[in-house]
Amino acid sequence: MKILCFGSLNLDRVYQVPHFIRPGETMAAEELNTFCGGKGLNQSIALARAGAEVYHAGAVGQADGGMLVDALEASGVDCTLVRRLPCPTGHAIIQVNTEGQNCILLFGGANQEITRAQIDETLARFSPGDMLVLQNEISQLDYLMEAAGKKGMVIAFNPSPMTPELLKMPLSRVSWFLLNEVEARDLCGEEVPEEEYPERILQKYPDSRVVLTLGSRGCVYQDSRERLAVAAKKVKAVDTTAAGDTFTGFFLAGIAAGEPVAQALEEATAAAAISVSRKGASPSIPTREEMLHTRF
Ligand code: RIB
């Protein structure tokens with residue numbers, strides 16, 4: 001099984017702040033760093049560091065996207081399907097507060113220049129049964145989902161960031177939903193207690209499997225036969241950026257390698273815990289070796 005991650009690549013400008021800026025406030029940041037990010041890039045790097053063979057498709061700006069492609073390649077991701085376009089690379093302005101929480105402002109740039117022609121050319125390189133990993137930060141996502149579904153690819157979808165348009169996408173094509181509680185609530189489309197989110201999503205999309213991440217409360221998995229829960233590891237949060245991406249990459253790498261779901265959940269949980277204990281998006285993602293040898 002080949003794994004294609006078709007997703008965003010962003011330059012993350014990360015500002016360390018005493019608190020998130022309030023309306024009308026002017027505040028000095030304590031530190032500024034630029035990291036490689038984008039949910040697509042982060043998940044490709046997590047998949048690769050977890051040991052999977054990964055192809056990344058997407059787009060960056062010709063002038064400023066080189067460092068993102070270099071970062072993917074340095075982790076062993078195949079970037080022959082990443083386009084370099086005459087427009088700015090996507091970027092994110094990220095505030096990280098003293099508790100390690102973040103808030104993120106996105107500018108799509110090249111990520112919003114994905115065309116149907118690029119999608120057709122990319123998918124032609126893959127076969128039924130190959131896995132397609134998606135997030136919600138690129139253009140033409142509905143077309144991509146439909147085309148990959150028709151082709152018989154296994155779609156794993158992290159519906160992040162959640163938008164109202166997303167609910168109109170061909171989500172019945174999705175085999176794996178990986179989402180947090182906010183995304184799950186919106187996907188349910190009605191107010192239900194949190195414990196019922198996975199079940200409600202399965203009622204709407206009965207052919208899927210649901211992995212719900214709950215931050216410091218761990219994660220829950222549910223399919224039509226079983227429900228599993230895994231507790232989070234206890235770590236001091238420095239920066240939670242890309243914790244969800246790390247989890248997604250490690251979980252899907254485990255599934256693609258034929259691991260039982262319970263093992264893939266445990267490994268994803270450990271990898272995500274390591275990532276929150278360090279700064280930055282992709283630089284915080286551990287390797288499989290490190291994940292296996294870390295004691296919590
Ligand atoms: O999930 C974290 C990512 O979200 C950041 O790297 C940022 O680029 C945004 O896409």
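- Note that CE of Met1 is 11.5 Å distant from OG of Ser127, once rounded to the nearest 0.5 Å.
- The backbone N or O of Met153 lies less than 3.5 Å from no partner atom in the side chain of Asp130, so there is not a single donor-acceptor pair.
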Exercise. Hey, mind stepping through Lys233 and Glu266 against salt bridge (Lys or Arg N to Asp or Glu O under 4.0 Å) and telling me if it holds?
Worked result: CA-CA 10 Å; Lys233 311 282 181 199; Glu266 284 290 347; 3.8 Å; yes

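- Distance check, rounded to the nearest 0.5 Å: CG of Asp245 to CD1 of Ile45 gives 10.5 Å.
- No donor-acceptor contact under 3.5 angstrom links the side chains of Asp239 and Ser284, judged on distance only.
- No side-chain donor-acceptor contact under 3.5 Å links Ser44 to the backbone of Leu41.
- Defined by atom type and a distance below 3.5 Å, a donor-acceptor pair is present between the side-chain atoms of Thr80 and Asp78.
- The residues Arg288 and Glu259 are annotated as salt-bridged, a charged nitrogen and a carboxylate oxygen being separated by less than 4.0 angstrom.
- Nearest heavy atom pair, residue Ile274 against residue Met291, reads CD1-CA, 3.8 Å.
- Between Phe126 and Tyr55, the two ring planes are perpendicular [angle over 60°; tilted spans 30° to 60°].
- The shortest heavy-atom contact between Leu212 and Ala184 is CD1-CB, 3.6 Å.
- The number of heavy atoms from other shown groups lying within 6.0 Å of CD (Glu53) does not exceed 12.
- The CD atom of Gln95 sits 6.0 Å away from the CD1 atom of Ile21 when rounded to the nearest 0.5 Å.
- For the residue pair Arg227 and Gln222, a side-chain donor N or O sits within less than 3.5 Å of a side-chain acceptor on the partner.
- In this structure a side-chain-to-backbone donor-acceptor pair under 3.5 Å is present from Asp64 to Thr89.
- The only member of Gln118, Met145, Gln135, Gln140 that meets side-chain contact (heavy atoms from CB on, under 4.5 Å) when paired with Phe6 is Gln118.
- If you check the side chains of Thr248 and Asn158, you find no donor sitting under 3.5 Å from an acceptor.
- Side-chain contact between Met67 and Leu11 is present, with at least one heavy-atom pair separated by less than 4.5 Å.
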Problem set entry | Thr241 vs Asp12, side chain to side chain donor-acceptor pair (under 3.5 Å): CA-CA, chis, key distance, verdict | CA-CA 10 Å; Thr241 313; Asp12 286 355; over 6 Å; no

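- Side chain of Glu113 to main chain of Ala59: no donor-acceptor pair is present (N/O by atom type, distance under 3.5 Å, no hydrogens or angles).
- Remark: Lys279 fails to qualify as a cation-pi partner of Phe35 under the 6.0 Å distance and 45° angle criteria applied to the six-membered ring.
- In plain terms, the two heavy atoms of Ile3 and Ala52 that are nearest each other are CD1-CB, 3.8 Å.
- Look at Arg217 and Glu181 and you find a salt bridge, because one of the NZ, NE, NH1 or NH2 atoms lies within 4.0 Å of a carboxylate O, short of that distance.
- The minimum heavy-atom distance linking Gly65 with Val60 is given by the pair CA-CB, 3.8 Å.
- Classified by interplanar angle (parallel below 30°, tilted 30° to 60°, perpendicular above 60°), the ring pair Phe177/Tyr205 is tilted.
- Sparse packing is recorded around CD of Glu191, with 12 or fewer heavy atoms of other residues, nucleotides or ligands lying under 6.0 Å away.
- Taken to the nearest 0.5 Å, the CE atom of Met169 stands 9.5 Å off from the CG atom of Leu144.
- A donor-acceptor pair is defined here as one N or O able to donate and one able to accept, closer than 3.5 Å; such a pair exists between the side chain of His56 and the backbone of Gly7.
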Exercise. Between Phe251 and Val261, does a side-chain contact (heavy atoms from CB on, under 4.5 Å) hold up when you go through it step by step?
Worked result: CA-CA 8 Å; Phe251 178 78; Val261 170; 4.2 Å; yes

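- To the nearest 0.5 Å, atoms CG (Leu265) and CZ (Phe247) are separated by 5.5 Å.
- Looking only at side-chain heavy atoms (C-beta outward), Ile114 and Arg83 stay at 4.5 Å or farther from each other.
- Judged by distance alone, with hydrogens and angles left aside, the side-chain atoms of Arg49 form a donor-acceptor pair with the main-chain N or O of Ile285 at under 3.5 Å.
- Closest of all the heavy-atom pairs between Leu4 and Ala57 is CD1-CB, 3.8 Å.
- Distance alone, capped at 3.5 Å, is enough to place a donor-acceptor pair between the Lys151 side chain and the Leu123 backbone.
- The NE2 atom of His293 sits 9.5 Å away from atom OG1 of Thr287, with the distance rounded to the nearest 0.5 Å.
- In this structure, the side chain of Asp186 does not engage the main chain of Thr163 through any donor-acceptor pair within 3.5 Å.
- Here the side chain of Thr240 pairs a donor or acceptor atom with the backbone of Gly100 at under 3.5 angstrom.
- Between the side chains of Glu267 and Gln263, at least one donor-acceptor pair of N or O atoms lies under 3.5 Å.
- The backbone N or O of Leu187 sits less than 3.5 Å from a side-chain atom of Lys204, completing a donor-acceptor pair.
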